[in-house]
Protein chains: 2
Amino acid sequence: MSVWDRPAPPNPPVPLDRGQIIAAAIALADEGGLAAVSVRKVAARLNAGPMRLYGYISTKDQLFDLMVDEVYAEILPGERPGDWREALRGLAHRTRQAALRHEWLADLLGGRPALGPNGLAVTEATLAALDGLADVDTVMRAVETVSAYFTGAIRREVADLRAERATGLSKREWQRASGPHVTKMLATGRFPALSRAVHDGTEVAAEVSFATGLDWVLDAVAARLTRPAG
Amino acid sequence: MSVWDRPAPPNPPVPLDRGQIIAAAIALADEGGLAAVSVRKVAARLNAGPMRLYGYISTKDQLFDLMVDEVYAEILPGERPGDWREALRGLAHRTRQAALRHEWLADLLGGRPALGPNGLAVTEATLAALDGLADVDTVMRAVETVSAYFTGAIRREVADLRAERATGLSKREWQRASGPHVTKMLATGRFPALSRAVHDGTEVAAEVSFATGLDWVLDAVAARLTRPAG
DNA sequence: TCTCATGGCGATACACCGTATAGCTCCCCT
DNA sequence: AGGGGAGCTATACGGTGTATCGCCATGAGA
């Protein structure tokens, strides 16, 4: 019996490794959000059966961790930053940019400690940039505070962005156009300060608002880093 | 044929309303985390078929929104706060306490705009406490910055707490005891600053770290609220 | 009092999910 | 040439959210 008589194996199965799995998962998430990532779909994109992935991955949550760590590679600082402030500001902005490229990152940010190699490398680089400016505990507090700020800010920004996209209205347009539920709420008069804020507030670009809050927080940190141990 | 001869309907079906559904869902989440909340399980807890809930709720995500708004009721300030700083500090601490009572809140915080009645009421109270201290835009920026901080800080705290619980080790014990993966990473010598931080850092109570960072951020806000429009 | 409409409820069903298990097939080493 | 082991696949289980539909009980109208 020649090779021609016997049918070729249905899948000429390409070797496959963790990296391809992570890349496929990220592609799916970029296209359709985290909800579009399923073990079956990732496998399908690699011409593999679902169970094949479990040779490289132990659980779906672990796949999420790996995806996050992969993105942390994009967040790593390119060159050595000028000073600590530039280091922290850069970290914040690079994280934000990564989350705008991969919106699903906002769903995962801060949800689990970032202990992958790239996550650790980012932390290392950040701590190194603040090294010696104050005692270890103060430095830790500084990094944690700034991280907490930009994590929270990024999450809110992405949440608002999705809401706008879903309703087709910007936050500012709400009150006028239709904001079916919120408008009615504001009209009840039970939220005067909020109404005034929505009415009189200037609509400011998300990046500006992000950068402004960040500068405030950095100022606060500066006050503790220069003085020895406030 | 008397009433006694005819068997009672198997489920004496209690009327049921949104509040009971939300309460049941929260109870499930408190016990087993967000993952333990399924439409079927919530319904079962109310002696109802799954489809019954869809008369009161349109989607599972909406149920999550309702759960969050219910918890915002616990976050509402009890009495009128002394000054703006007390208002913001109180808000932050009450949110944190709520998240410690309902850990699943950390998974949802900042994930979607809080537009329910209680969420709006919290925002209203907060804005009211800052009213007139600066122009509307500065006040908005202040509230957003503080909210971003405590949202991010709470998420991280809960994430760490779960990690500790899962490994049975505190963050400090990692390096010594076994931290299967992280210890090896630190041992590679590729993360000197991080290693030093882990080694030399003082283990500080989560609440203290939370409060410290919060005070820093509040100081930063104070600098903009007292000066008119920095 | 009898009849009919209606609206809420339940059962059923569908498509999909994560993953445990077990068997098969192919390759390498002896 | 034969045996062992590794890696892949098929199957299966117990769950998920929710669309659809048919029933029954109730209240209204005659």
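Keep in mind it's a predicted model, so treat the numbers as computed, not measured. Here is how names work: the chains are called A, B, and so on, in the same order as the sequence lines, proteins then strands, and each is numbered from 1.
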Taking the basic N atoms (NZ, or NE/NH1/NH2) and the acidic carboxylate oxygens, is any pair closer than 4.0 Å for [X] and [Y]?
{"X": "A/Asp160", "Y": "B/Arg112", "result": "no"}
{"X": "B/Glu70", "Y": "B/Arg18", "result": "no"}
{"X": "B/Glu124", "Y": "A/Arg196", "result": "no"}

Applied to residues 28-40 of chain B, the side-chain hydrogen bond (donor to acceptor under 3.5 Å, both in side chains) test, sequence neighbours excluded, yields B/Asp30-B/His102, B/Asp30-B/Trp104, B/Glu31-B/Arg45
Measure from [atom1] on [X] to [atom2] on [N] and round the result to the nearest Å.
{"X": "A/Asp17", "N": "D/dG7", "atom1": "CG", "atom2": "P", "value": "14 Å"}
{"X": "A/Tyr56", "N": "D/dA6", "atom1": "OH", "atom2": "P", "value": "14 Å"}
{"X": "B/Arg52", "N": "D/dG22", "atom1": "CZ", "atom2": "C1'", "value": "18 Å"}
{"X": "B/Gln62", "N": "D/dT18", "atom1": "CD", "atom2": "C1'", "value": "14 Å"}

I'd like a list of close polar pairs between nucleotides 18-21 of chain C and the protein, N/O only, cut-off under 3.5 Å.
| unit_1 | atom_1 | unit_2 | atom_2 | d |
| --- | --- | --- | --- | --- |
| C/dG18 | OP1 | A/Val39 | N | 3.3 |
| C/dG18 | OP1 | A/Lys60 | NZ | 2.9 |
| C/dG18 | OP2 | A/Val39 | N | 3.0 |
| C/dG18 | N7 | A/Arg40 | NH1 | 2.2 |
| C/dG18 | O6 | A/Arg40 | NH1 | 3.4 |
| C/dG18 | O6 | A/Arg40 | NH2 | 3.1 |
| C/dT19 | OP1 | A/Thr59 | OG1 | 2.9 |
| C/dT19 | OP2 | A/Tyr54 | OH | 2.7 |
| C/dT19 | OP2 | A/Lys60 | N | 3.1 |
| C/dT19 | O5' | A/Tyr54 | OH | 3.4 |

Per-pair distances, 0.1 Å, donor-acceptor, side chain in residues 205-214 of chain A, under 3.5 Å, sequence neighbours excluded:
| unit_1 | atom_1 | unit_2 | atom_2 | d |
| --- | --- | --- | --- | --- |
| A/Ser209 | OG | B/Glu144 | OE1 | 3.4 |
| A/Thr212 | OG1 | A/Val208 | O | 2.7 |

Can you check side chain to side chain contact (heavy atoms under 4.5 Å, CB included) on A/Leu34 and A/Phe64, steps first, answer last?
-> CA-CA 9 Å; A/Leu34 258 201; A/Phe64 283 163; 3.6 Å; yes
